[in-house]
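Data first, discussion second: the structure below is written as structure tokens.
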Number of protein chains: 2
Amino acid sequence: MASPTSGPKRSTIKDVAKKAGVAISTVSLVMNGKGFVSNETSTRVLNVAKQLNYVPRQAARKLPMQSTGNIGFVLRADHFARSEPFYTRIFLGTEFEAHFHGLYVLLTTIPQKFDASLHTPRFLQERNVDGVLIAGKVDSDFIESIAGARIPLVLIDYQLKDHPAVVIDNQQGAKLAVEHLVSKGHEDIAFLGADMLHPSLKERLEGYRIGLNDARLGKPSCEIVSDQGEPDYGTGFELSQQIFECSKRPTAVFCANDSIAMGLLDQAASQGIRVPEDLAVVGFDDVAREDHFRPSLTTVRVYKEQLGELAMKYLNELMAGFPATYPNFERRSHIVRVPTELIIRESS
Amino acid sequence: MASPTSGPKRSTIKDVAKKAGVAISTVSLVMNGKGFVSNETSTRVLNVAKQLNYVPRQAARKLPMQSTGNIGFVLRADHFARSEPFYTRIFLGTEFEAHFHGLYVLLTTIPQKFDASLHTPRFLQERNVDGVLIAGKVDSDFIESIAGARIPLVLIDYQLKDHPAVVIDNQQGAKLAVEHLVSKGHEDIAFLGADMLHPSLKERLEGYRIGLNDARLGKPSCEIVSDQGEPDYGTGFELSQQIFECSKRPTAVFCANDSIAMGLLDQAASQGIRVPEDLAVVGFDDVAREDHFRPSLTTVRVYKEQLGELAMKYLNELMAGFPATYPNFERRSHIVRVPTELIIRESS
DNA sequence: CTGAAAGCGCTTACAG
DNA sequence: CTGAAAGCGCTTACAG
């Protein structure tokens with residue numbers, strides 16, 4: 001009786017070698033395009049391999065190669081289950097690039113508060129990955145534990161010390177947003193953000209301030225910068241009340257991200273304030289979904305798949321032990337910065 | 001101090017055997033709790049293993065065991081990147097259960113229209129999985145290609161022929177929804193759905209009709225059942241116009257899912273129809289996110305993580321070649337049906 | 001350019 | 001109850 005997975009039987013390197021009349025080492029060389037094999041032998045082997053439907057078993061390859069062919073993709077469970085497809089898109093980009101390199105991606109989540117003794121991903125204990133990708137803000141203990149284990153790692157949309165990271169060019173994006181509002185004639189542009197200790201959000205605030213400065217605008221009448229809370233819809237809804245209590249109401253608001261902007265949009269609506277007539281709103285991320293009710297959101301688009309792709313590429317270099325160049329991206333030391341694009345819609 | 005990974009070197013079964021003064025086969029037996037090893041030897045080995053921080057290498061185990069320890073999780077890319085965290089939650093449940101069994105989950109997406117020669121997941125070509133989980137509606141060619149390769153598979157929230165599947169008890173959920181509306185005094189309850197060829201949605205329609213029948217209600221004045229389109233917000237928004245054009249306007253609508261219900265909610269709002277006063281609305285899935293603007297949605301909650309967990313359990317049985325029982329779940333032939341729960345909120 | 005051989009780290013009959 | 005040995009399917013020096 002045939003084994004469950006295999007049909008008649010799966011052919012191995014031996015079968016190919018025998019049928020092609022060569023040694024298994026030659027088959028191996030051919031399959032991997034290594035060493036010098038005569039053209040004739042090579043094509044013969046390749047043909048036989050095709051005929052026999054031979055595909056090298058990964059488990060067998062990995063043992064002598066002392067690698068696993070797997071890379072771990074880690075993010076916080078609450079981020080993964082978030083409603084906007086932000087991290088899922090990043091993952092998709094990673095997957096795509098990994099496929100290209102013949103690597104598998106093991107997606108694993110960790111809780112917000114990481115405890116090494118409880119939550120260490122199994123692929124780490126079993127050393128079943130060659131490298132790790134970490135998306136979003138995660139407990140620094142976790143990051144350090146990976147680094148401490150000397151496993152190559154790349155952070156995505158987050159930064160910690162000198163760990164390699166692929167990030168959004170937040171500052172550039174924020175400047176784009178401000179410039180746009182300025183060009184629309186706004187002179188009092190507020191900021192609204194939470195969780196502002198997050199490096200990415202901090203950069204957006206900086207870009208915003210630079211933008212104001214470049215336009216020679218004075219201090220805005222209102223700048224809501226909370227270090228607390230998650231930068232989400234609920235927080236945006238609540239915090240934005242403060243905007244309507246400011247000494248003078250701004251004519252435009254740049255939000256730290258789309259979720260917060262959505263909260264602001266709804267708060268404005270509930271107070272009878274029209275967008276964009278009474279108040280222009282710009283977000284960041286481009287994750288707002290279709291909605292026939294709210295004005296569609298002007299935002300700074302983040303290329304999420306691209307973030308994932310670049311991170312995977314970067315990690316691959318790290319694992320291979322050699323550096324590469326990123327023609328179209330700014331790369332300062334250990335940071336790859338991915339540019340954004342302004343998407344103008346109804347809210348501004 | 002040496003890090004476990006790469007310090008001087010990672011300890012192997014040999015190191016443990018030598019230090020414990022036994023053969024490597026004994027170590028293997030102990031680590032896997034197999035065979036009969038004296039208590040004394042066993043604890044000694046275990047202690048040494050702990051001391052040496054020994055963790056068996058997966059790649060090395062899998063070779064002689066002729067298994068991979070991986071299971072593939074496949075879903076459509078457009079489903080994965082959807083805004084509601086429906087499939088991501090299912091995946092989380094899968095991951096959780098897989099972890100428990102010492103299995104890894106490889107998440108891969110395929111396009112809506114599957115072409116075997118272009119999109120066959122690599123883990124299939126390389127036979128790098130012991131089983132496959134498929135979530136949501138995917139091209140039947142894909143499903144058949146897995147089955148044809150004799151790889152154990154379990155469908156989640158979808159059905160095709162006699163393939164094993166873990167599904168939502170859609171009919172029961174729909175009945176719950178209708179009963180609730182009836183208890184609120186509604187006598188003219190409409191239905192709104194798209195992509196109604198989907199088995200799950202078809203079941204919801206059936207449950208709805210059974211519910212009407214049980215309550216001895218006549219034909220509703222309106223039943224919008226489209227076979228086309230995706231069952232999403234946009235479709236819901238458009239289709240729901242028909243409801244307001246019906247001969248008589250129903251007093252309540254049961255929607256095929258939450259996304260459609262959200263579309264209806266917004267269409268109603270744009271026409272100045274109050275929910276729930278003028279129109280009660282009930283959805284299905286429980287994926288609507290926080291929103292301070294629309295009335296919160298009464299819905300039939302689906303336990304997404306549980307779907308994933310059960311599917312993984314089921315697949316595990318299939319891979320092991322023996323069946324098990326599901327004490328709390330109806331299991332008819334190859335189908336495991338997971339019950340739902342009615343969540344009453346503002347929209348009804 | 002190609003073959004024979006050792007080895008990756010483990011599991012599993014098979015003898016004791 | 002425990003050890004010696006074969007083998008999983010491949011890669012990679014090392015000789016020719």
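All heavy atoms count here, side chains included; hydrogens, waters and symmetry mates do not.
Here the nucleotide nearest the side chain of B/T12, chosen from C/dT2, C/dG9, D/dT11, is C/dG9. Distance from the side chain of B/P64 is smallest to D/dG7 among D/dT12, C/dC1, D/dG7.
For A/Q66, the CD atom sits in a packed shell: over 12 heavy atoms of surrounding residues, nucleotides or ligands are nearer than 6.0 Å.
A donor-acceptor pair is defined here as one N or O able to donate and one able to accept, closer than 3.5 Å; no such pair exists between the side chain of B/H99 and the backbone of B/E95.
The side chain of B/K34 contributes no N or O atom lying less than 4.0 Å from OP1 or OP2 of C/dT11. Between B/S25 and the phosphate of D/dG3, there is no side-chain N or O to OP1/OP2 separation shorter than 4.0 Å. Within the structure, every side-chain polar atom (N or O) of B/R57 is placed at least 4.0 Å from both OP1 and OP2 of C/dG9. Proximity of B/S28 to the phosphate of C/dT11: a side-chain N or O atom is located under 4.0 Å from OP1 or OP2. The side chain of A/T41 contributes an N or O atom lying less than 4.0 Å from OP1 or OP2 of C/dT2. For A/Q66 and C/dG9, the shortest distance from a side-chain N or O to OP1 or OP2 is below 4.0 Å.
In this structure, CD1 on A/I110 lies 12.5 Å from CG on A/L118, to the nearest 0.5 angstrom.
The NZ atom of A/K14 sits 10 Å away from the P atom of D/dC10 (whole-angstrom rounding). Distance, A/L63 CG to D/dG7 P: 17 Å, rounded to whole Å.
In terms of position along DNA chain D, the nucleotide closest to B/I24 lies nearer the 5' end than the nucleotide closest to the other residue of the pair B/A60 and B/I24.
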